[in-house]
Amino acid sequence: MKKGKILILGAGSIGSYLAAKFFRANYHVDVIGRKADRIGEHLLINSKRYDFPPTSKEISTQSTYDFVFLTCKIYDLKKNLINLSKTSPKSKIIILLQNCLFDISEFEHTYQKNFTSVLVYDGFNLSNNKLKHTKGSGFLVGNDKYSESLLQLFKDSLIETKTTSNIVQHRVEKTIFNCTTNIFSATYSRTLRELFADDKITKHMKNVLYESYEVLSKEIEINQDKQDMWKKLTQQAKNLDHYTSTYQDARENKVTELSYLNGFIIKLGRKVGVATPYTIEAVNNFKSKYPNLY
Ligand SMILES: NC(=O)C1=CN([C@@H]2O[C@H](COP(=O)(O)OP(=O)(O)OC[C@H]3O[C@@H](n4cnc5c(N)ncnc54)[C@H](OP(=O)(O)O)[C@@H]3O)[C@@H](O)[C@H]2O)C=CC1
Ligand SMILES: CC(C)(CO)C(=O)C(=O)O
């Protein structure tokens, strides 16, 4: 007998990974994906073969799920939530996995209010039915009324998780890190190691980190200082032979999430009166290389 019912909306890198892991753990999994048929019946995760659940292009109405995972990009999130509310499958929990800063309460005017979010520290890259998974530190789950059942699901599906009592601080830190590295990785087509090996780029990245920090600290109390944050990022990233997700998107000619990262900082900077010249310069450099992907 199946253990529970799960809907995955977005069969990209993260969605396909979760779908295969949950399916192997004997959950009923429905996958919605525009290009999910490219995966077929088997997904290879780091060359290991997983059966892949049936996929479709439309959400079937009136179903009831234990979990709905929204694994689309942030720019598709609102549209998909509206679509979800129109087709109205019911779910006990709706889980958002997007990077960037967003306010969950923004979505709570939709028909269901049971949102939670998870931060992902591993790296995933899907190409046809092959998924490359680079080990970071797993999935980070906050501490709310949904955590227990979510942790149980991940544990049961052999997905590594960690918990935190303050997911907002982690989200802020991750946003600042992504603002600092991703745009440069894409603009210069470099891995993290290669970025940190270049003094000129490193200086620019540090200025972008400081600016992002200054802007966000006007809105949110950040529990570490910017020098420590820079040191932490440098230690974590300088030896990683990893192309950021933004570079991977740009290489595949896919719209990136940069307008929700650096673009968000520029807009918020204007609102709170903090100048962001280094971020604007980084965005202009990116746009001159990829005019349609911002
Ligand atoms: N990949 C990673 O390592 C990490 C990703 N994240 C975050 O997770 C989120 C998802 O990332 P990722 O999996 O890499 O992104 P992908 O672009 O690989 O996957 C998203 C998928 O959702 C599909 N999609 C969106 N809307 C619909 C819809 N209405 N119907 C059907 N399919 C839809 C997209 O289809 P189409 O291709 O047709 O647009 C795409 O295939 C992002 O916000 C990212 O920041 C966080 C940490 C790590
Ligand atoms: C590079 C990393 C790990 C942090 O900036 C990341 O989250 C990404 O690739 O988007």
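Below, each value reflects all heavy atoms present in this structure, side chains not excepted, and no hydrogens, waters or symmetry copies.
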Ignoring hydrogens and geometry, is there a side-chain-to-backbone donor-acceptor pair from [X] to [Y] under 3.5 Å?
X	Y	value
S127	K130	no
H204	Y278	yes
Q98	C72	yes
S13	L126	yes
Q248	Y243	yes
E257	K73	no
K2	N26	no

Using a 6.0 Å cut-off, check whether atom [atom1] of [X] has over 12 heavy atoms from anything other than its own residue.
X	atom1	result
K145	NZ	no
K289	NZ	yes
E221	CD	no
K200	NZ	no
Q227	CD	yes
K92	NZ	no

Contact check, side chains of [X] and [Y], non-hydrogen atoms, under 4.5 Å:
X	Y	answer
I159	F22	yes
Y210	T180	no
N143	T163	no

Side chain to side chain donor-acceptor pair (under 3.5 Å) partners for K267, two or more places apart =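 K267 satisfies side chain to side chain donor-acceptor pair (under 3.5 Å) with no other residue.
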Which residues share a side chain to side chain donor-acceptor pair (under 3.5 Å) with D122, sequence neighbours left out =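 If we apply the side chain to side chain donor-acceptor pair (under 3.5 Å) test to D122, skipping adjacent residues, the hits are H133, K135.
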Nearest heavy-atom neighbours spanning [X] and [Y]:
X	Y	result
R171	N99	NH1-C, 4.0 Å
C100	I74	SG-CG2, 4.0 Å
I32	L7	CG1-CD1, 3.7 Å
I45	A20	CD1-CB, 4.1 Å

Quickly, which of F67, Y65, F115 forms a side-chain contact (heavy atoms from CB on, under 4.5 Å) with I93? Name it, please.
->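 Filter result, single survivor: F67.
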Would you check if the distance from the ring center of Y290 to the ring center of Y294 is below 6.0 Å?
->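 Centroid separation for Y290 and Y294: 6.0 Å or greater.
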Give me the ring orientation class for H170 and Y121: parallel if the planes are under 30° apart, tilted from 30 to 60°, perpendicular past 60°.
->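 The rings of H170 and Y121 stand perpendicular, inter-plane angle above 60°.
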Taking atom types as modelled, find out whether S217 and K226 have a side-chain donor-acceptor pair closer than 3.5 angstrom.
->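 The criterion, which ignores hydrogens and geometry beyond distance, is not satisfied for K226 and S217.
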Quick one: salt bridge (charged side-chain N to carboxylate O under 4.0 Å, His left out) partners of K132, sequence neighbours excluded?
->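 Once residues adjacent in sequence are excluded, K132 has no partner under the salt bridge (charged side-chain N to carboxylate O under 4.0 Å, His left out) criterion.
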State whether K5 and D66 are salt-bridged, where the test is any N-O pair (Lys NZ or Arg NE/NH1/NH2 against Asp/Glu carboxylate O) under 4.0 Å.
->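 Salt bridge absent between K5 and D66.
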